[in-house]
Structures are given as C-alpha cells and as structure tokens.
Amino acid sequence: MITQKQRRTEKSLCLKHYYKWFLCFFLTLYFLGSFFVDHDQDQDHDQDHDQRSSSSRPNPPLTNPKPKLFASRAMFESKLHDHKLGFAPQNPNIRTDVFNNLKIYVYDLPSKFNKDWLANDRCSNHLFAAEVALHKALLSLERDVRTEDPYEADFFFVPVYVSCNFSTINGFPAIGHARTLINDAIKLVSTQYPFWNRNNGSDHVFTATHDFGSCFHTMEDRAIADGVPKILRNSIVLQTFGVTYNHPCQEVENVVIPPYISPESLHKTQKNIPVTKERDIWVFFRGKMELHPKNISGRFYSKRVRTNIWRSYGGDRRFYLQRQRFAGYQSEIARSVFCLCPLGWAPWSPRLVESVALGCVPVVIADGIRLPFPSAVRWPDISLTVAERDVGKLGEILEHVAATNLSVIQRNLEDPSVRRALMFNVPSREGDATWQVLEALSKKLNRSVRRSNSFL
C-alpha cells in the first residue's frame, strides 16, 4: 500500500520531469526563433540592396497621375528618425592607392590668406565654409595623400579664404576683395616656388564656395560680366556653383562641391529627435520669400520662384512655409517629408545637404543646376526635380509622388554613404566630401607634371 509520503515524492518527481521538458521546449523555441529572425533580417537587407540597385532606373513620368491622397498618407510613410541616420566613425587616413597614388601638396601661405580670417568664428561654420573645412581636412591627411615634398606632388592646393569678410552692415559675406587676395596668392607662389610657372598653374587647385563660384561676385549679371579671372583660367576650381549649360562662371576646369553644413550641428539635431517620432510636416520651407521680388537694383530675387511658392501655397495647410529666421530649423527639416530647395540668387542651396542628411526628400527647384558628386550621390534616386515654371503644380506633383514611389526614395535616402559624401569632416573620413574631391582630382591626373615627366 502506497503511503501519503510516497505519493508526495512521486508527485514531486513528476513535476520536476514536466519542468525539465517545459524548459527544453522553450529553449528550443528561443533558438529557432533567433535563427529565423536573423535569417529574415539578412533577407530584408538583401532586398533593400536590390531595391537600391533597381531604383537607379528613372522614375515613372508624371502623366496620368493616380487620384490624390490626403497629405497624412505622406506624413506617416516613414518614421522621423532611426539608427541609420547616424554617421559611423571612419578611419581618418585615406590610402593613396585608392586614387591611383595621387599626391597633393598644400601651400603654407602667410596667415593673411587664411588663418587670420578664423578670428571670426563664423568663418568656420557658415554655408561658404567648405573652403576652410577642405583645407583642414587635407592637412589631416599626413603620410597619405598629402605630401610635404612638392616635387612628388601631382596637384598643389592654394588655401585662400575669400568668403570670411563679413559685412558690418548686413552680416553677409562681402567678396569684393576676393580677386585681389587670389591674385596676391598666385603672385607669391609663382615667385617663391617653381611649380606654377611650369604649366601656368594647370595643376593648382583653388576653392570658390560662394554664389557664382570662380566669378567672385554675388550678383549673376555682374559675375557674368566679370567672368573668371584670367590668371585663374588655367587652374582647377572647386566651387559650389554649377549648371548644365554654358555659363561664364564655369569656363574653367571645375569640380562642383557641396556647401558646408557643420557635422556637429547635424549630430546635435539627430540626438534630440525622438526615435519613434513621425514626420508631421508634409512640405517644408523656411527662408527668404519676397512678396515683391524686384529689389531696389531692379533684380528679381529667385527669378520670382519663391514669391510664386508663397502666393500659391502660403495658405495651404499641407505646406509649412516660414519667412522668419529660426535657429532650430534643422529640427523642422527632420520632421518633414518633402523639403523645398528653390534657387535664391544662385541655383544651389545648403538645404540640399541638410535635407539629405536629415532624411527629408529634397525638392530641387533650380533649372539646369549641376549637383555635386553625381558618381557617389544618385540624385535622381533620392530627390525630386521640379521645373521653375511648374511651381504652381507643386502640390499635385508631390501628391502623385506620395501615392507612388515616395517609400522607395526614402529608403534610398537612408543609405549612409549618400549622406557621408556630402559632409566635410575634419579629419577626413572614407567616402566623405574630401574623399569625393580627391576622387575627382584622380581623374584629372593628365594635368600632373610629375606624371607627364615619368613618360619622357
């Protein structure tokens, strides 16, 4: 006869048996689940890569658009911010073999040409500051692309800051001194070094990071009339200005580079964005929008484009248009689905870089603009282009995009290599804007005296 004590013992052993079975079953489910989750993520990554590859095909034409959707459809297509928006740390050194063993020599000019201007903090941080950032980035490339022996150099970088002379009247950069400053720098290097005179400076590199680049004037009619300084026409100019048609301000060997946006300011903006926050602004623009675009000199600002945007959509609830300055406007970009990038006096705008960096689809409204680094940044895949004459149809065009391929464009914008290519870092990082400049120069090695002498 089984006693009560034996029954309790058998019950205890049974419970232990079931407990072990239950534990083994759960562990098996856990490991199987982990395997399939990882496997699915790998597949998603591969599909995303395939999607990016296939998205290089042109977008479908805007004929016979689908019926309009409410703006809210576009607002909630994507999250405001995720881990992909960060800039991963990169190796600051750049290997010379990547650029066909390119070597560049940076002239050590007297401080009046560059360092003295840094007394004003704005010189290193405003939209024209690529001239400063690129100089610092090149100096950071010790024992790599940069050489301290000018006789082994392919190119010679002439660091002259011309955009840091801020007006005491309106605070804008005044560049009336630019031609004189550059002329003085060329006079110095051509008299104290033998390299300029070997080929009239064709292997020398300059920066021109303001409105109309190497014409060194803020107004287009004056810039066209003055043209590129004769002494500079044989050299290479890195400039923010570029158009796809003939223009006097690009009648020089040139590379279009992005305007400067502080990486630190973008990091700060990204850090303050809640991860789960949704984009609640459908179309965004903050900046100068003249009610009467003709100024006192008789010129029409933005070719009337910004005025037409304000008149057409100033009362449209889908459009968040602001004419006043706001220090935290990057946070508004990060909340937006579409960011308008219309021309101002010049076709290019820092909004292009800020929009890409913060995941807002840039809407470029500047006929014939030539955008920076097209081999690294597939602009048709990450942005929209609207003709200046079609500004009145902007709402219809964006509604059509929201209903068709918006999610594809947004996925393309998540590619960190795209954002990296438009940022000037100090020290330079692999794939960033300085890297892209070096890549462009490596394709101009036919200008290198050192290379041509090696074939003699």
Side-chain angles (χ1 to χ4, degrees), residues 59 62 71 127-128 172 210-213 215 217-224 239-247 249-250 256 258-259 281-326 329 332-333 336-356 360-372 379-380 382-402 409:
N59 294 331
L62 296 179
L127 74 162
F128 301 143
F172 297 142
H210 34 78
D211 296 82
F212 293 98
C215 282
H217 205 285
T218 56
M219 295 290 106
E220 187 171 19
D221 55 347
R222 287 286 306 277
I224 289 174
Q239 58 183 39
T240 45
F241 173 78
V243 288
T244 56
Y245 49 86
N246 292 332
H247 195 287
C249 297
Q250 55 185 16
V256 177
I281 299 174
W282 194 56
V283 184
F284 171 71
F285 178 81
R286 181 182 289 277
K288 186 176 181 181
M289 286 182 286
E290 299 287 5
L291 299 180
H292 306 286
K294 191 173 183 178
N295 67 7
I296 57 174
S297 66
R299 299 180 178 93
F300 285 95
Y301 180 68
S302 186
K303 297 181 181 178
R304 302 184 179 91
V305 167
R306 296 193 187 187
T307 299
N308 291 337
I309 291 173
W310 178 257
R311 289 175 179 175
S312 299
Y313 299 104
D316 192 321
R317 295 180 63 183
R318 300 171 301 173
F319 286 70
Y320 184 70
L321 307 177
Q322 299 294 321
R323 299 172 59 209
Q324 297 79 25
R325 292 178 180 270
F326 172 50
Y329 77 100
E332 296 173 320
I333 292 175
S336 304
V337 176
F338 297 106
C339 289
L340 303 184
C341 302
L343 72 161
W345 289 117
W348 62 272
S349 164
R351 294 175 184 84
L352 280 167
V353 177
E354 291 170 312
S355 299
V356 172
C360 182
V361 178
V363 182
V364 183
I365 312 172
D367 291 354
I369 188 173
R370 189 154 57 98
L371 297 169
W379 289 101
I382 66 165
S383 65
L384 305 174
T385 299
V386 176
E388 295 168 15
R389 67 176 181 273
D390 290 335
V391 162
K393 305 174 186 176
L394 198 54
E396 179 183 348
I397 292 170
L398 297 183
E399 290 281 9
H400 172 74
V401 173
I409 297 172

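Side chains are part of it too, since the values below use all heavy atoms of this structure and drop only hydrogens, waters and symmetry mates. Treat the numbers as computed from the prediction; the structure is a model and nothing was measured.
T385 contributes atom OG1, which lies 7.0 Å from atom CG of L371 (distance to the nearest 0.5 angstrom). Distance check: C249 SG to E220 CD gives 7.0 Å after rounding to the nearest 0.5 Å. Between the CD1 atom of I397 and the CG atom of L384 there is a distance of 9.0 Å, given to the nearest 0.5 Å. Note that the CD1 atom of I309 and the CZ atom of F285 stand 6.5 Å from one another [nearest 0.5 Å]. Interatomic distance, OG1 of T240 versus CZ of R370, reported as 11.0 Å (0.5 Å rounding). The structure places OH of Y245 at 8.0 Å from CD of Q250, a figure rounded to the nearest 0.5 Å.
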What verdict does the side-chain contact (heavy atoms from CB on, under 4.5 Å) test give for L394 and V363, after you've listed the backbone C-alpha separation in whole Å, the side-chain angles of each residue and the deciding distance to 0.1 Å?
CA-CA 10 Å; L394 198 54; V363 182; 4.2 Å; yes

Please assess W345 against T218 for the test side-chain contact (heavy atoms from CB on, under 4.5 Å), listing each intermediate value before the final yes or no.
CA-CA 8 Å; W345 289 117; T218 56; over 6 Å; no

Where do I409 and V401 land on the side-chain contact (heavy atoms from CB on, under 4.5 Å) test, with the steps shown first?
CA-CA 9 Å; I409 297 172; V401 173; 4.1 Å; yes

Under the side-chain contact (heavy atoms from CB on, under 4.5 Å) rule, what do I333 and I281 come out as? Steps first, then yes or no, please.
CA-CA 9 Å; I333 292 175; I281 299 174; over 6 Å; no

Given E399 and R318, is the salt bridge (charged side-chain N to carboxylate O under 4.0 Å, His left out) satisfied, shown in steps?
CA-CA 10 Å; E399 290 281 9; R318 300 171 301 173; 3.1 Å; yes

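Of the possible donor and acceptor atoms, none in the side chain of Y301 sits under 3.5 Å from a partner among the backbone N and O of T307. Side-chain atoms of R323 do not come within 3.5 Å of backbone N or O of K288 as any donor-acceptor pair. Remark: the backbone N or O of D211 is paired with a side-chain donor or acceptor of W348 at under 3.5 angstrom. Using a distance-only test at 3.5 Å, with no hydrogens or angles considered, no donor-acceptor pair links the side chain of S355 to the main chain of C339. Distance alone, capped at 3.5 Å, places no donor-acceptor pair between the W310 side chain and the L321 backbone.
No donor-acceptor contact under 3.5 angstrom links the side chains of Y329 and Q322, judged on distance only. Inspection of the R286 and Q324 side chains reveals no N or O donor paired with an N or O acceptor under 3.5 Å.
Evaluation of the side-chain contact (heavy atoms from CB on, under 4.5 Å) rule for E388 yields K303, V305, L343, I365, D367 as partners, not counting sequence neighbours. For the ring pair (Phe, Tyr, Trp, His ring centres under 6.0 Å) test, no residue two or more places apart in sequence or in another chain qualifies with H217. By the ring pair (Phe, Tyr, Trp, His ring centres under 6.0 Å) test, F241 is found to be paired with F212, H247, residues two or more places apart in sequence or in another chain being considered.
Ring centroids of F338 and W282 are separated by less than 6.0 Å, placing the two rings close together.
You'll find the side chain of P259 reaches within 4.5 Å of the side chain of V353, heavy atoms only. Side-chain contact check for V364 versus L340: every heavy-atom pair is 4.5 Å or farther apart. You'll find the side chain of P350 stays beyond 4.5 Å of the side chain of F128, heavy atoms only. Counting heavy atoms from C-beta on, the side chains of V356 and P362 come closer than 4.5 Å.
Heavy atoms of other residues, nucleotides or ligands lying less than 6.0 angstrom from NZ of K393 number 12 at most.
Considering all non-hydrogen atoms of both residues, P347 and I369 come closest at O-CD1, 3.5 Å. Of all heavy-atom pairs spanning G287 and R306, the tightest one is C-NH1, 4.4 Å.
Using the six-membered ring where Trp is involved, F284 and Y320 have ring planes that are parallel, under 30° apart on the 30 and 60° scheme.
The pair R304-E290 fails the salt-bridge criterion, with no side-chain N (NZ, NE, NH1 or NH2) lying under 4.0 Å from an Asp/Glu carboxylate O.
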